[in-house]
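Count residues from 1 along the sequence.
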Amino acid sequence: MSFSLLAQSILESHIPNTSWRILVAAFGYSVGFLMTIMGRQQLFTESTITVVLPVLKDITFGNFGRMTRLWAIVLTGNLVGTLVAATFCRYSPVLPDAMVASMHEVSRALLPLSWWEMLFRAITAGFLIAAMVWMIPTAENQQLLVITLMTWLIAVSGSTHIVAGSMEAYLLAFAGD
């Protein structure tokens with residue numbers, strides 16, 4: 001998921017500061033999601049069909065507990081993964097200083113938001129990801145388009161995705177922001 005921030009930062013650093021800049025740079029946000037979903041890795045907000053349907057078919061405390069345990073494991077893994085990626089981007093020589101600065105600049109959009117605003121924007125992002133996951137089985141050979149457009153909507157709308165946003169938050173914390 002760290003590649004969402006990296007790709008968005010690359011695009012933003014190469015596009016002039018215009019009113020339409022976000023519309024193009026937001027496509028960079030889709031990159032990490034494409035890598036995660038098409039690579040069949042497990043994204044926290046992607047765990048809806050395969051996890052929720054069996055629970056809805058047989059609603060028991062045991063099934064609900066198993067679903068909650070899976071979500072906790074996947075979310076923890078995602079957050080640890082973005083922490084490792086943020087640490088790598090910030091403290092290793094893998095990225096030029098200008099690129100790290102661009103990643104910080106993109107991440108700073110989070111700073112004015114209250115936790116309440118982030119929560120509601122996260123609900124929007126979660127809904128868009130869940131809708132995407134439910135659309136993918138019928139998308140057949142258009143999965144790339146569905147993933148790109150739904151995640152582009154998250155970026156353009158200013159929604160806050162818990163995993164992609166954690167990468168931004170870790171980088172901001174490392175920078176003292």
Side-chain angles (χ1 to χ4, degrees), residues 1-10 26 28-92 94-95 99-100 103-104 106-107 109-110 113 115 118-137 139 143-144 146-148 150-155 157-175 177:
M1 287 305 305
S2 58
F3 284 95
S4 287
L5 178 58
L6 178 61
Q8 187 175 3
S9 299
I10 290 169
Y29 188 80
S30 301
V31 171
F33 288 91
L34 285 165
M35 291 172 69
T36 301
I37 296 165
M38 305 276 304
R40 302 215 182 261
Q41 299 169 4
Q42 190 65 54
L43 185 62
F44 171 67
T45 50
E46 192 184 355
S47 304
T48 55
I49 292 179
T50 56
V51 177
V52 174
L53 285 180
V55 173
L56 291 177
K57 183 180 177 202
D58 185 22
I59 300 174
T60 66
F61 284 115
N63 285 343
F64 184 77
R66 283 187 281 283
M67 178 182 70
T68 304
R69 182 179 66 220
L70 174 66
W71 280 348
I73 291 168
V74 172
L75 178 59
T76 301
N78 284 191
L79 295 177
V80 169
T82 54
L83 175 60
V84 170
T87 304
F88 184 73
C89 288
R90 174 70 171 95
Y91 296 110
S92 77
V94 71
L95 295 175
M99 186 51 52
V100 175
M103 292 170 74
H104 283 129
V106 170
S107 300
L110 292 174
L113 301 177
W115 72 270
M118 282 192 202
L119 174 67
F120 279 95
R121 290 179 184 205
I123 291 169
T124 303
F127 175 80
L128 288 169
I129 293 294
M132 175 198 70
V133 170
W134 285 74
M135 290 171 18
I136 284 176
Q143 293 178 355
L144 180 80
V146 169
I147 296 166
T148 301
M150 296 303 277
T151 56
W152 177 82
L153 279 173
I154 293 171
S157 68
S159 297
T160 54
H161 186 274
I162 188 169
V163 179
S166 68
M167 175 73 176
E168 296 169 327
Y170 293 140
L171 282 176
L172 290 171
F174 292 153
D177 289 337

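- Partners of T76 under the side chain to side chain donor-acceptor pair (under 3.5 Å) rule, at least two apart in sequence or in another chain, do not exist in this structure.
- For the pair V94 and F88, the minimum side-chain heavy-atom distance is below 4.5 Å.
- In this structure, H104 and A175 approach most closely via the heavy-atom pair NE2-CB, 3.6 Å.
- Between H161 and F33, the distance from one ring center to the other falls under 6.0 angstrom.
- For S159, the side chain to side chain donor-acceptor pair (under 3.5 Å) criterion is met by S157, not counting sequence neighbours.
- A donor-acceptor pair is defined here as one N or O able to donate and one able to accept, closer than 3.5 Å; no such pair exists between the side chain of Y170 and the backbone of V84.
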message: Apply side chain to side chain contact (heavy atoms under 4.5 Å, CB included) to residues L171 and D177 and explain how you reach the verdict.
response: CA-CA 9 Å; L171 282 176; D177 289 337; over 6 Å; no
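- Taking the side chain to side chain donor-acceptor pair (under 3.5 Å) definition, one finds that S166 meets it with T82, sequence neighbours left out.
- Take L113 and apply the side-chain contact (heavy atoms from CB on, under 4.5 Å) test, not counting sequence neighbours, and it matches L110, E117, M118, R121, T160.
- From L70, atom CG reaches atom CG of L75 across 11.0 Å, with rounding to the nearest 0.5 Å.
- No option in I129, T36, V146 other than I129 meets the side chain to side chain contact (heavy atoms under 4.5 Å, CB included) test with T151.
- Partners of V31 under the side-chain contact (heavy atoms from CB on, under 4.5 Å) rule, at least two apart in sequence or in another chain, are F3, A7, M35.
- Residues passing the side-chain contact (heavy atoms from CB on, under 4.5 Å) test with L119 are W115, W116, I123, sequence neighbours excluded.
- The two atoms that bring I162 and L79 nearest to each other are O-CD2, 4.2 Å, heavy atoms only.
- Here the CG atom belonging to D58 is positioned 5.0 Å from the CG atom belonging to N63, to the nearest 0.5 angstrom.
- Applying the side chain to side chain donor-acceptor pair (under 3.5 Å) criterion to S9, with sequence neighbours excluded, gives no partner residue.
- In this structure, M167 and M103 have side chains that are in contact, with non-hydrogen atoms separated by less than 4.5 Å.
- Using a 4.5 Å cut-off on side-chain heavy atoms (C-beta onward), S107 and L5 make contact.
- Here M38 contributes atom CE and T148 contributes atom OG1; the two are 8.5 Å apart, rounded to the nearest 0.5 Å.
- Looking only at side-chain heavy atoms (C-beta outward), M132 and I37 come within less than 4.5 Å of each other.
- Taking 4.5 Å as the limit, some side-chain heavy atom of M135 sits within range of a side-chain heavy atom of M150.
- Checked against side-chain contact (heavy atoms from CB on, under 4.5 Å), T87 has the following partners two or more places apart in sequence or in another chain: L83, Y91, F174.
- In this structure a side-chain-to-backbone donor-acceptor pair under 3.5 Å is present from N78 to V74.
- Heavy atoms only, all atoms of each residue included: S30 and W152 are closest at OG-N, 3.5 Å.
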